[in-house]
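Below is one structure; the comments refer to it alone.
For clarity, every value in this text was computed on a predicted model and none was experimentally measured. Computed over heavy atoms, backbone and side chain alike; hydrogens, waters and symmetry mates excluded.
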Amino acid sequence: SVFKAVKHACNVHRRPVTNDEIIKCFFSKYPFLKGDVKTETVTRRVRRLKEKGFLVSPNRGFYYPKMEVNKNAVESKSCVD
């Protein structure tokens with residue numbers, strides 16, 4: 001999932017990450033999806049995760065996972081998968 005890629009990229013870089021870094025991490029974690037998933041889809045999911053409150057953006061274009069997640073949001077996994 002895109003959320004796992006964001007989390008992994010933040011752990012590797014030890015800072016909030018950009019869309020390009022998220023895309024790079026996503027396709028390195030899931031190389032078998034390279035032909036099926038476009039980069040626009042990944043950026044759309046990042047934006048959706050931010051809107052749903054799963055990601056925080058300290059500056060424009062930088063994201064990191066929110067540490068505390070709403071229990072109801074976790075149960076509706078529509079945008080996480």
Side-chain angles (χ1 to χ4, degrees):
S1 80
V2 175
F3 182 78
K4 288 180 184 177
V6 173
K7 190 175 172 184
H8 178 71
C10 286
N11 285 338
V12 168
H13 294 292
R14 297 281 185 211
R15 62 172 172 75
V17 290
T18 64
N19 275 326
D20 291 336
E21 292 167 333
I22 294 168
I23 291 166
K24 198 176 196 180
C25 183
F26 179 80
F27 287 122
S28 68
K29 271 181 86 72
Y30 306 105
F32 52 90
L33 294 176
K34 186 98 176 155
D36 298 331
V37 178
K38 296 180 182 178
T39 57
E40 293 85 13
T41 306
V42 177
T43 55
R44 192 178 317 116
R45 291 291 174 228
V46 169
R47 190 169 51 246
R48 199 165 193 199
L49 285 166
K50 182 181 177 285
E51 290 170 359
K52 297 259 184 180
F54 288 100
L55 298 179
V56 178
S57 180
N59 292 331
R60 185 177 176 156
F62 287 87
Y63 305 94
Y64 65 91
K66 189 173 182 182
M67 295 303 158
E68 220 173 273
V69 178
N70 182 341
K71 188 176 180 180
N72 294 332
V74 172
E75 290 171 359
S76 70
K77 294 169 94 179
S78 61
C79 121
V80 176
D81 290 338

[atom2] on [Y] to [atom1] on [X], rounded to 0.5 Å:
| X | Y | atom1 | atom2 | value |
| --- | --- | --- | --- | --- |
| Tyr63 | Arg47 | OH | CZ | 8.0 Å |
| Lys7 | Lys29 | NZ | NZ | 9.5 Å |
| Arg48 | Thr41 | CZ | OG1 | 12.0 Å |
| Lys4 | Tyr30 | NZ | OH | 5.0 Å |

Can you get from Val56 to Phe3 by hopping between Ile, Leu, Val, Met, Phe, Trp and Tyr side chains that sit under 4.5 Å apart?
no
side-chain contact (heavy atoms from CB on, under 4.5 Å) with Val17: which of Ile22, Ile23, Val12, Val46?
Ile22
Between Ser57 and Phe62 (side chain of the first, backbone of the second, donor and acceptor by atom type, cut-off under 3.5 Å), is there such a pair?
yes
Take atom NZ in Lys34; do more than 12 heavy atoms of anything else shown fall under 6.0 Å from it?
no
Pairwise side-chain contact, His13 with Tyr64, heavy-atom cut-off 4.5 Å (strictly under)
no
So do the side chains of Phe26 and Val37 get within less than 4.5 Å of each other, counting heavy atoms only?
yes
Looking at Ala5 and Cys25, what are the two nearest heavy atoms and their distance?
O-SG, 3.4 Å
